[in-house]
2 protein chains.
Amino acid sequence: MDDRKQKVLLAIVHDYIKTAEPVGSRTIARKYQLGVSPATIRNEMSDLEEQGFIEQPYTSAGRIPSERGYRYYVDFLMRKQELSKEEEELIRREYEVKVRDVGQVIQKTGQLLSQLTHYTAMVLPPRIGISNIKHIQIVYMHQSQAMVIAVMDNGTVQHRLIEIPESITALDMETISKVLNAKLQGQAMKSIKLTLIKDIYYELARHRNLLDLVMELVQESLTLEFEDKIYLGGVFNMLNQPEFRNVEKIKTMLSIMEQEKLLCDLLEGGAGDEGVTVRIGGEIDQLDIKECSMITAPYSIRGRKMGFIGVLGPTRMEYAKVISVVDYMTKHLSQTLEQMIRGRKK
Amino acid sequence: MDDRKQKVLLAIVHDYIKTAEPVGSRTIARKYQLGVSPATIRNEMSDLEEQGFIEQPYTSAGRIPSERGYRYYVDFLMRKQELSKEEEELIRREYEVKVRDVGQVIQKTGQLLSQLTHYTAMVLPPRIGISNIKHIQIVYMHQSQAMVIAVMDNGTVQHRLIEIPESITALDMETISKVLNAKLQGQAMKSIKLTLIKDIYYELARHRNLLDLVMELVQESLTLEFEDKIYLGGVFNMLNQPEFRNVEKIKTMLSIMEQEKLLCDLLEGGAGDEGVTVRIGGEIDQLDIKECSMITAPYSIRGRKMGFIGVLGPTRMEYAKVISVVDYMTKHLSQTLEQMIRGRKK
DNA sequence: TTTAGCACTCAATAGAGTAGAGTGCTAACA
DNA sequence: TGTTAGCACTCTACTCTATTGAGTGCTAAA
């Protein structure tokens, strides 16, 4: 692909991202100084179309980038775009106030992502399956009920009400808490194996009843990993995009947004181990939202991948901008979380 | 208002609720056996319009109920509509599985509400401000950080990471936990007064530093009451309503849905102390969502009002149906929550 | 290789006409 | 006096038909 063709493609992508209207040869000649006439540009466009980088919605309309065109743009033509001073300032300021626990950080991240990009943001909170138990506590509520609380070292807290046999006293529970703490502290939810459970059983044979219930909680927390909550921000930003002028599209869009499970898969599915991943249109294979692109990236705490953040927008997305925002935010998020949970030992 | 006028109004309300089209005199004569000709009905309609119960979108269209018309319908004409056996069965079944903690119950309630009514459901979880502290625990995370956990007797758990001076040991914290529990157990967050705090201060003069932070949490939990989370269900149900054919309306609608604070006010604002409240159109004064009605009701645990549930739909709403669903759900919700937190002493 | 010119295509817009639902009025009827 | 049939009138929604304009592709000349 020669230099001038690249320039033409770049012009088409830029203009279409900005206006959402098919771009004609004349517009390019007028707005982007290439030093050639519209006729020449038409010839180039004809070639580009043959190679599959651009397409025509109908005969005698302007051209729009194809998915392949966007891909080429993202891979070769796009120039990196740093965040502005104001934006960085905004992020810094927002993270400073009122973010006391992990949940709030996650939520704020979603908010910022959507605010900065004007698209829909998705954030997957730190997965508990791969974090370690810091403390387990059983709180007596009344004669047939107790609350099991597990504090994880990523700063989250799991809790559940359980039924207990009436024969068990508050004192019993304290004993159980102690043993559980001794055995489970520092263990990852995932790594709690049968041997360990047997070990605890042995030590607490007397309290087998209660123990069954507690272990059930532990087990369930593990499965919870897969039905994790996901934080969305700016869903209705998407409605400002001209591609959502028609109500049917909005409906499919929103019904997708209500399926948390699907979104989690979407977010986890494509992202690589490190760095920002861009998926354009059909490259998101799980789903048939047409004309959408996703930009995702994992964030980590102390080098361990803990979750994902992502932005969903139309294929006609401001890739350069969104990529740098996502990149910047993962780093900032990792940093904020690390600061918050400073105590973690490697 | 004489009997026949009521019948005509009822016919108009029913038909408009069903079809979302202005209702003409002929339609009424055909579909609702009133035993009179369209001309007579026209005369009645003319009167009804003069009295403000119905209106015409434009000359020579059919009539639609005015807000006053809906109000009259709800107050005097509407017949109570019981839930079907299938619906009751559905509710029972859904509450049985996988509702282990209060959060899940709340979420499930929202889901059911929207599923049964086909409108948007909102649920305000039990307010912590008016619930009592069951247990306070401080968990040591590492040398400069601790997690404060408060278990409330309504089955919710509050938690927060706090910074602690390095001089404080894990043992210190256990002492503090003990004293806090002794003093705060059974107290409502709201009722924690200065005298009580002084009392604790006195007893724990040595640990004043840490105490400051813990009390701050308690204080903040109190303010949290006002920025409570709200659970929404079936937001996109609304899009199936024909009044949301145009995109602008969808946008205002959704942007309202994203403002949690506003929704909480909305939910709390109009509801009375007991029973179902219906607000029609302009009667929802906080807001300028036009053409919407809200049906709300408080739910309680052991006779104490703990939160609200509500349904938001177009003014052209199936009032009879929604009212009975909301009514039924508050009762069922109260019951489920009471069962779950059985231990509460009056 | 580039450019100007020109015929052709197609969506979007605007206008005109038509159909249909519904009203209000009047006069006749029970 | 209340009810009804008849009829002229109103207004929206829909269809059909130009018209406009942006844009292309091709050809021939520079």
Side-chain angles (χ1 to χ4, degrees), chain A residues 1-9 11-16 18-66 69 242-243 245-247, chain B residues 1-9 11-16 18-66 69 242-243 245-247:
Chain A
M1 168 125 59
D2 68 31
D3 189 57
R4 196 170 60 194
K5 276 204 183 47
Q6 292 197 345
K7 278 198 181 124
V8 172
L9 180 54
I12 292 173
V13 172
H14 272 167
D15 208 74
Y16 187 64
K18 210 155 94 194
T19 64
E21 297 290 330
V23 190
S25 54
R26 189 120 151 236
T27 316
I28 294 178
R30 209 181 331 108
K31 289 214 267 183
Y32 304 82
Q33 262 65 42
L34 300 192
V36 291
S37 76
T40 313
I41 292 171
R42 275 206 289 283
N43 290 332
E44 298 288 25
M45 284 164 94
S46 189
D47 293 355
L48 281 170
E49 183 163 18
E50 204 161 312
Q51 291 166 68
F53 292 111
I54 57 180
E55 47 197 32
Q56 257 178 318
Y58 48 87
T59 338
S60 84
R63 304 307 214 290
I64 63 176
S66 66
E243 24 272 279
R245 252 163 312 168
N246 94 54
V247 183
Chain B
M1 168 126 60
D2 68 31
D3 189 57
R4 195 170 61 193
K5 277 204 181 48
Q6 291 196 345
K7 277 198 182 125
V8 171
L9 179 55
I12 293 174
V13 172
H14 272 167
D15 209 74
Y16 187 63
K18 211 154 94 194
T19 65
E21 297 290 331
V23 190
S25 53
R26 191 122 151 234
T27 316
I28 294 178
R30 208 181 333 109
K31 288 213 269 182
Y32 303 81
Q33 262 65 43
L34 300 193
V36 291
S37 78
T40 312
I41 292 170
R42 275 207 287 283
N43 290 332
E44 299 288 24
M45 283 163 96
S46 188
D47 293 354
L48 281 170
E49 183 164 17
E50 203 162 313
Q51 292 166 67
F53 291 111
I54 56 179
E55 47 197 31
Q56 258 179 318
Y58 50 85
T59 338
S60 85
R63 304 306 213 291
I64 62 176
S66 66
E243 26 271 279
R245 254 163 311 168
N246 94 55
V247 183

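Naming: A, B, ... by sequence-line order, numbering from 1 per chain. All figures in this text were calculated on a predicted structure; none of them were measured in a lab.
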Of the nucleotides [options], which has the atom closest to the [X] side chain?
| X | options | answer |
| --- | --- | --- |
| B:Tyr58 | C:dT3, D:dT24, D:dC11 | D:dC11 |
| A:Ser60 | C:dT23, D:dT4, D:dA22 | D:dA22 |
| B:Thr40 | C:dT3, D:dT3, C:dT23 | D:dT3 |

Rounded to whole Å, how long is the line connecting atom [atom1] of [X] with atom [atom2] of [N]?
| X | N | atom1 | atom2 | answer |
| --- | --- | --- | --- | --- |
| B:Glu44 | D:dG2 | CD | C1' | 10 Å |
| A:Met45 | C:dT2 | CE | P | 16 Å |
| A:Arg63 | C:dT9 | CZ | C1' | 13 Å |
| A:Glu21 | D:dT24 | CD | P | 14 Å |
| B:Arg26 | D:dC7 | CZ | C1' | 13 Å |
| A:Ile41 | C:dT1 | CD1 | P | 17 Å |
| A:Arg4 | C:dT3 | CZ | C1' | 11 Å |
| B:Asn43 | D:dT1 | CG | P | 15 Å |

- Query: When all nucleic acid strands are considered with a 4.0 Å heavy-atom cut-off, which category describes B:Ala39: base, sugar-phosphate, or nothing?
  - Reply: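 Base: the residue B:Ala39, judged by heavy atoms under 4.0 Å, touches a nucleobase.
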Do [X] and [Y] make a side-chain contact, defined as non-hydrogen atoms from C-beta onward lying under 4.5 Å apart?
| X | Y | result |
| --- | --- | --- |
| B:Ile28 | B:Leu34 | yes |
| B:Glu44 | B:Asp47 | yes |
| A:Phe53 | A:Ile12 | no |
| B:Thr40 | B:Arg4 | yes |

- Item | First encountered from the 5' end of DNA chain D, between A:Gly24 and B:Gly35 |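 The 5'-side residue here is B:Gly35.
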Phosphate oxygens OP1/OP2 of [N]: is one of them under 4.0 Å from a side-chain N or O of [X]?
| X | N | result |
| --- | --- | --- |
| A:Thr59 | D:dG23 | no |
| B:Arg42 | C:dA21 | no |
| A:Thr27 | D:dG23 | yes |

- Query: Is the side chain of A:Gln56 donor-acceptor paired with the backbone N or O of A:Ala61 at a distance under 3.5 Å, no angle test?
  - Reply: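 Yes; judged by distance alone, with no hydrogens or angles, the pair exists.
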